[in-house]
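Down below is the structure, laid out as structure tokens.
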Amino acid sequence: MSKNPFADPKFYTNRELSWISFNDRVLDEARDKANPLLERVRFLAITQSNLDEFFNVRVASLRKLVSVGYGKADAAGMSPNEQLNAIAEAVHKMVDKQYSTLSRSLMPALAKIGINVHQPSELTGEQLDFVDDYFHQELYPILTPLAVDVSRPFPFIGDHTMNLALRLERPSDKDDKRNFATVQIPDSMPRVIRLPGTGDDFVLLEDVVRQYVGELFVGARIRESAMFRVTRDMGLDVDEEDTSDLMKEIQQQLKKRERGRVMRLEVESDMSKSLERYLVKHMDIDTRDVYPINGPIDLQYLSKLVKSVAPRPDQFYPEAQPFLAPQFKDESIFHLIKQHDLFLHLPYDSFTPVVEFIRQAATDPKVLAVKMTLYRVSSKSPIIKYLKQAADNGKQVTVLVELKARFDEENNVHWAKELERAGCHVIYGLVGLKTHCKIALVVRREEDGMRRYMHMATGNYNDVTARFYTDMGLFTCNPEIGADASNIFNMLSGFSEPPYFHKLVISPDGIRDFLSDRIDDEIKAAKAGRPAEIHMKMNSLSDPHMIRKLYAAGAAGVKVELIVRGICDLKVGIPHVSTNIEVHSIVGRYLEHSRIYAFYADGEHQVFLSSADLMTRNLSRRVEILFPILQEDIRQQVRSIFNLMWDDNAKTRELQPDDTWKRSERRGRTVFNVQDYFVEHAADMATDLLGVEEPDDDQQTAGPRRFIPLTAPEDPDADDVDDPEA
């Protein structure tokens, strides 16, 4: 046993199984009748895309470990092969739950409001004529039948492509021989096809192809047809140490990635065992990796269905307009930042000030240089446009584009080339590390000398995801933070190794050490009998060292409140270890993405925001930043936001000692949806940062307690809200 008393495997949940539990919480939103119907349909589609990426990356990584004979157990004591077996068992159950949700709940509910997905055999009259014309005029010319025989090998099946497997019988065949063939469903055509008429009636592309597929094999009899889909290893194997041109190597690896090993085979549940065995043999996978599907394969078609229906605003969340303070429209953003730090809480606040920060930098004659890190940006990014404009206007523009941002590699290669052509200095970060920090620096010559303006954030500079990811950002011209920001860019673009940073904390390793020290401070306070609290919010918690530190804090009597959206390897309720630790997870309308690390600090209330989750990859293998909130009103604002999130009982699940997640208790309590609250009160919170107050001493039960909300979060109709499906 390890010398560390908190290193026992029974104290940890396996990371992959914890992620599956997270996806189950997303699935729970698809089953929640309190959500608008078409939003429930979207949630079900999201569970599919989540699973696809999970197999592309996480399952693929475990397979590689098994293939090279790596048998070391993880923190939870599971070997890679044991993890793969556990994953298969859990995901098979999840797939069954996905499709029972689809067939028993969502499709009947859609039919009740006039949204139907038909089989071609159900159509008559005008609709049947439409499908017939659609196949012969639109589909037939682009379909390619691929037979397999001695002269034609088994074809390559691309990642996530939809394919129709066929067993054919020809008159010339002897001994009842059945020949194999495939037809790929073209991904260049819409998968959800609207049928003519006044209603919301649709048919799926693969069903149209199947209806007429016999015309592709004239003279043969189709004995069996069934859809299938494969998921491949989509990781990039880039050896940065041995490559002279990282961009060229990334582009070459993107081509190779398309032919990665098969990780999962999805087949229609009525596919014959003989045909299934044939596919398994050619895919070179285990039977545990075959997933029979009782319905349309790849539920992402539901997202396309939602976009195709006639407008039905009552079946969606009410439209929310991000708040934009008037001063952002009327004044120079540099003048505003010079007066005091500015705080944004996305998506409740508008992303416009961030875009304006770069736009004004591009056109302001006093601005000399713009430096920025880009991890993920949209396909039509306005920030890219203004960075190019800044270079065109003679500013010195330096942009770090992270070429290794997973599944955004191709997009980022494109933008890197665009920026270089515009005259920007483009850098790709440090060898062996992803640059995940979100920081922009503008250098401006003013009457009293040079001044540096910064924007730092917990999320990407992506104007699209800024509409539905919750993130936090800070504008400041603090001189010490400015010096640190310059040092970061010098470190990324050259060989500079700053001896220290004044206010910012940098990973690799720095953030882990810094947070460990802050936790130690709380432990010392608790042991001395003083109030001690830790409040953290993140996407994932899996770094063993940080979990051990939190266990040590809990064991010492520190009150620990954690909001973790996704993976959480920490266990609660362990006697003498984690009984003082509570973990919540909020899964709702918006994707919770912000990272908050706050400490009581003997009443000083230290608050930090960060681009980093408490995962080993973030703390050890990425360039990340953690930045302090120094302005008192903003510090109170962030603490108030955390406290309000902690009080949510509409979309919060609480981690239980048995690793399950239970919805927050509502009995006798007003239902409080914190995301709805932030939408409703965005203007109040943005314009009156000091609109919170400390509770009276007699309201405190143990040490410092949460703020009183800006307005009481009451819902007069709360008693009419039904609990989700039991």
Side-chain angles (χ1 to χ4, degrees), residues 16-17 19-20 23-24 27 44 47-67 79-103 146 148 153-167 178-185 204 206-207 210 223-235 258-301:
E16 317 309 340
L17 297 182
W19 181 89
I20 293 171
N23 205 39
D24 190 63
L27 179 53
L44 185 56
T47 66
Q48 177 73 52
S49 60
N50 285 348
L51 271 179
D52 287 352
E53 184 171 337
F54 179 69
F55 276 89
N56 282 146
V57 179
R58 295 305 307 166
V59 173
S61 296
L62 289 170
R63 287 278 178 76
K64 289 175 181 175
L65 294 177
V66 171
S67 67
S79 70
N81 198 54
E82 288 173 332
Q83 293 181 62
L84 288 171
N85 287 330
I87 288 168
E89 181 180 354
V91 174
H92 276 286
K93 291 178 181 177
M94 173 167 286
V95 169
D96 290 342
K97 189 174 178 181
Q98 285 177 310
Y99 281 87
S100 67
T101 301
L102 177 70
S103 61
L146 297 171
V148 176
F154 190 91
F156 173 76
I157 307 298
D159 180 65
H160 294 159
T161 57
M162 297 287 291
N163 298 272
L164 186 60
L166 301 134
R167 285 292 194 184
R178 297 182 185 180
N179 301 279
F180 177 81
T182 67
V183 177
Q184 181 178 325
I185 309 302
L204 296 183
E206 63 265 28
D207 291 331
R210 193 198 316 246
R223 298 294 297 270
E224 181 183 0
S225 66
M227 294 299 305
F228 72 99
R229 177 176 182 259
V230 301
T231 307
R232 293 184 176 274
D233 176 357
M234 296 294 282
E258 298 302 321
R259 305 188 74 87
R261 181 180 172 185
V262 174
M263 296 293 112
R264 172 182 60 169
L265 171 63
E266 297 167 281
V267 300
E268 286 187 316
S269 57
D270 58 357
M271 176 183 284
S272 68
K273 288 299 179 183
S274 61
L275 184 51
E276 180 183 312
R277 286 193 295 270
Y278 182 85
L279 291 174
V280 167
K281 175 184 175 182
H282 284 277
M283 301 300 172
D284 189 27
I285 60 173
D286 297 329
T287 55
R288 71 182 177 190
D289 302 316
V290 179
Y291 289 82
I293 304 299
N294 188 23
I297 292 176
D298 185 8
L299 291 169
Q300 291 185 78
Y301 84 90

Considering all heavy atoms of both residues, which atom of [X] and which atom of [Y] are nearest to each other, and what is their separation?
| X | Y | answer |
| --- | --- | --- |
| I157 | M283 | CG1-CE, 3.9 Å |
| T47 | N23 | O-ND2, 3.3 Å |
| S49 | Q300 | CB-OE1, 3.5 Å |
| R232 | G260 | NH1-O, 2.6 Å |
| V262 | V230 | CG1-CB, 4.2 Å |
| L164 | S225 | CD1-CB, 4.1 Å |

Do [X] and [Y] come close enough that some side-chain heavy atom pair is under 4.5 Å?
| X | Y | result |
| --- | --- | --- |
| D159 | T231 | yes |
| E268 | F228 | no |
| V59 | V91 | no |
| E16 | F54 | yes |
| L204 | P296 | yes |
| R264 | R229 | yes |
| N163 | V183 | no |
| E266 | D298 | no |

When rounded to the nearest 0.5 angstrom, what distance separates [atom1] in [X] from [atom2] in [Y]?
| X | Y | atom1 | atom2 | result |
| --- | --- | --- | --- | --- |
| F156 | H282 | CZ | NE2 | 15.0 Å |
| M94 | Q98 | CE | CD | 6.5 Å |
| M263 | I285 | CE | CD1 | 9.0 Å |
| L84 | D289 | CG | CG | 7.5 Å |
| W19 | R58 | CH2 | CZ | 11.0 Å |
| R63 | D286 | CZ | CG | 6.5 Å |

Any donor-acceptor pair under 3.5 Å linking the side chain of D233 with the backbone of R261? no
Has E224 got a side-chain atom pairing as donor or acceptor with S272's backbone, closer than 3.5 angstrom? yes
Using only heavy-atom distances, determine whether the side chains of [X] and [Y] contain a donor-acceptor pair under 3.5 Å.
| X | Y | answer |
| --- | --- | --- |
| N81 | S79 | no |
| D52 | Q48 | yes |
| Q184 | T161 | no |

Does the pair T182 and L166 meet the rule for a side chain to side chain contact (heavy atoms under 4.5 Å, CB included), with working shown? CA-CA 6 Å; T182 67; L166 301 134; over 6 Å; no
When you check the gap from the basic side-chain N to the acidic O, do E206 and R210 get nearer than 4.0 Å? no
Please work out which of the three classes, parallel, tilted or perpendicular, describes the rings of H92 and Y291, given edges at 30° and 60°. parallel
One pair to check against side chain to side chain contact (heavy atoms under 4.5 Å, CB included): N56 and H160. What are the steps and the verdict? CA-CA 10 Å; N56 282 146; H160 294 159; 3.2 Å; yes
